[in-house]
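Heads up: the structure comes next, in structure tokens.
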Amino acid sequence: MPRIGLLAQKGGVGKTTLAVHLSVLAGDALLIDLDPQRSAVAWWRTRAAPLPAMAEGSATSLRSALAAVRAPWVLIDTAPHAEEDARLVAENVDLVVIPTRAAILDLRAIASTVAIVRRARTPAVIVLNAVPPGRTVAEATVTTEARAAVQAYGLPVCPVAVGQRAALSHALNDGRAVSEFEPNGKAAGEMRELWRWIHDQATDAAGRSGRAA
Ligand SMILES: Nc1ncnc2c1ncn2[C@@H]1O[C@H](COP(=O)(O)OP(=O)(O)O)[C@@H](O)[C@H]1O
Ligand SMILES: [Mg+2]
């Protein structure tokens with residue numbers, strides 16, 4: 001039962017977007033919204049499909065709530081600017097996913113999140129999100145530069161960078177994910193590749209922590 005927490009102290013970097021999309025691709029998943037803004041819950045309320053299952057709550061009750069969960073996959077969306085909550089999430093998941101945009105201020109801002117996961121000794125990975133779409137197969141220079149910059153944090157960086165693509169937000173309007181809204185589009189393809197990579201990272205991490213799927 002791998003548990004994945006999306007963490008970033010900065011808002012607007014893609015925690016909710018990625019949590020929602022990955023939870024749909026995970027199939028039989030429980031999506032937990034810990035952000036008081038409840039954006040993931042609002043998305044789910046407009047959704048027709050039964051999965052993912054949805055729960056909301058606070059980081060302080062996460063540990064006891066997780067003890068009762070039977071879903072094969074758990075994804076946790078979190079609030080920005082909430083260091084204590086981030087610590088509690090990091091301590092109760094198998095894998096932390098840290099999304100960041102490729103701009104320098106965003107790349108620097110993940111230092112505090114990296115420090116939190118280090119203290120918790122939880123495996124964590126960095127995902128570059130909303131990067132300018134590259135030409136054909138080559139990624140844009142800013143993406144390559146951002147990838148090099150975040151390598152300094154010493155965490156695995158996802159080989160798939162998620163492009164800035166309108167379909168990723170449009171799909172959410174009526175409770176869908178891009179894999180349902182435009183399954184053959186580039187955004188859906190990138191999301192599937194991202195999920196494959198995260199799936200493997202989380203499965204490995206959960207295996208090491210004794211919580212294999
Ligand atoms: N890859 C992307 N392509 C296009 N828009 C994106 C992408 N990632 C995030 N966004 C948009 O950026 C805004 C912030 O994203 P969100 O997931 O809410 O961030 P967070 O949960 O970290 O605050 C939203 O309007 C969302 O639609
Ligand atoms: Mg959010």
Side-chain angles (χ1 to χ4, degrees), residues 4-56 71 73-81 97-103 105-107 109-110 125-143 146-147 157-199 202:
I4 302 170
L6 281 289
L7 281 186
Q9 292 302 95
K10 204 158 188 288
V13 295
K15 291 179 290 299
T16 302
T17 303
L18 297 186
V20 159
H21 279 96
L22 295 175
S23 69
V24 168
L25 289 169
D28 190 359
L30 172 67
L31 174 60
I32 303 180
D33 192 349
L34 297 183
D35 186 343
Q37 293 213 336
R38 300 287 191 251
S39 315
V41 171
W43 165 80
W44 189 83
R45 289 218 175 102
T46 60
R47 184 167 171 77
L51 290 172
M54 185 81 225
E56 57 190 288
W73 288 92
V74 178
L75 286 110
I76 304 170
D77 187 21
T78 65
H81 315 298
V97 174
I98 305 174
T100 178
R101 288 176 182 260
L105 297 180
D106 297 278
L107 299 174
I110 65 174
V125 299
I126 295 170
V127 175
L128 297 173
N129 179 41
V131 303
R135 272 188 266 130
T136 59
V137 288
E139 65 184 16
T141 312
V142 285
T143 311
R147 192 182 290 288
V157 182
C158 181
V160 190
V162 179
Q164 166 79 34
R165 299 190 192 277
L168 283 174
S169 49
H170 285 163
L172 305 185
N173 289 343
D174 62 356
R176 285 186 287 174
V178 77
S179 50
E180 299 159 329
F181 171 77
E182 209 177 80
N184 301 318
K186 287 202 170 123
E190 268 170 19
M191 256 324 142
R192 279 192 295 268
E193 279 183 54
L194 173 65
W195 168 241
R196 264 196 290 273
W197 190 79
I198 299 281
H199 171 285

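Along the sequence shown, residues are numbered consecutively beginning with 1. Computed from heavy atoms alone, side chains included, the values below leave out hydrogens, waters and symmetry copies.
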So, do [X] and [Y] sit near enough that their side-chain heavy atoms are less than 4.5 Å apart?
| X | Y | answer |
| --- | --- | --- |
| V131 | V142 | no |
| S169 | T17 | no |
| P80 | D35 | yes |
| L18 | M191 | yes |
| V13 | I110 | no |

Inset, instruction - For the pair I198 and L25, evaluate side-chain contact (heavy atoms from CB on, under 4.5 Å) and give the outcome as yes or no after the intermediate values. - result: CA-CA 11 Å; I198 299 281; L25 289 169; over 6 Å; no
Please identify each residue that fulfils side chain to side chain contact (heavy atoms under 4.5 Å, CB included) with [X], with sequence neighbours left out.
| X | answer |
| --- | --- |
| P183 | none |
| Q9 | E83, A86, S112, T113, I116 |
| A177 | H21, V24, S179, E180 |

From [X] atom [atom1] to [Y] atom [atom2], the distance as rounded to the nearest 0.5 Å:
| X | Y | atom1 | atom2 | result |
| --- | --- | --- | --- | --- |
| T46 | L172 | OG1 | CG | 8.5 Å |
| T78 | L34 | OG1 | CG | 7.0 Å |
| R45 | M54 | CZ | CE | 9.0 Å |
| L194 | C158 | CG | SG | 5.0 Å |
| N129 | R165 | CG | CZ | 11.0 Å |
| D77 | S23 | CG | OG | 9.5 Å |

With no hydrogens and no angle check, is any side-chain donor or acceptor of [X] less than 3.5 Å from a backbone partner on [Y]?
| X | Y | result |
| --- | --- | --- |
| D106 | T100 | no |
| E139 | A161 | no |
| K10 | L107 | no |

Contact summary for [X] and [Y], nearest pair of heavy atoms:
| X | Y | result |
| --- | --- | --- |
| L31 | A40 | CD2-CB, 4.1 Å |
| Q164 | A130 | OE1-CB, 3.3 Å |
| R147 | P159 | NH2-O, 3.2 Å |
| A29 | L75 | CB-CD1, 4.2 Å |
| G14 | P99 | C-CG, 4.2 Å |
| G11 | H81 | N-NE2, 4.3 Å |

Inset, instruction - Quick one: which residue pairs count as a ring-ring contact (aromatic ring centres under 6.0 Å, His included) with a foot in residues 162-197, not counting sequence neighbours? - result: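 Listed by first then second residue: W73-W195, W195-H199.
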Inset, instruction - Not counting sequence neighbours, which residues clear ring pair (Phe, Tyr, Trp, His ring centres under 6.0 Å) with W44? List them please. - result: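 None.
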Legend entry - All side chain to side chain donor-acceptor pair (under 3.5 Å) counterparts of R192, not counting sequence neighbours: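 R192 satisfies side chain to side chain donor-acceptor pair (under 3.5 Å) with no residue once adjacent residues are dropped.
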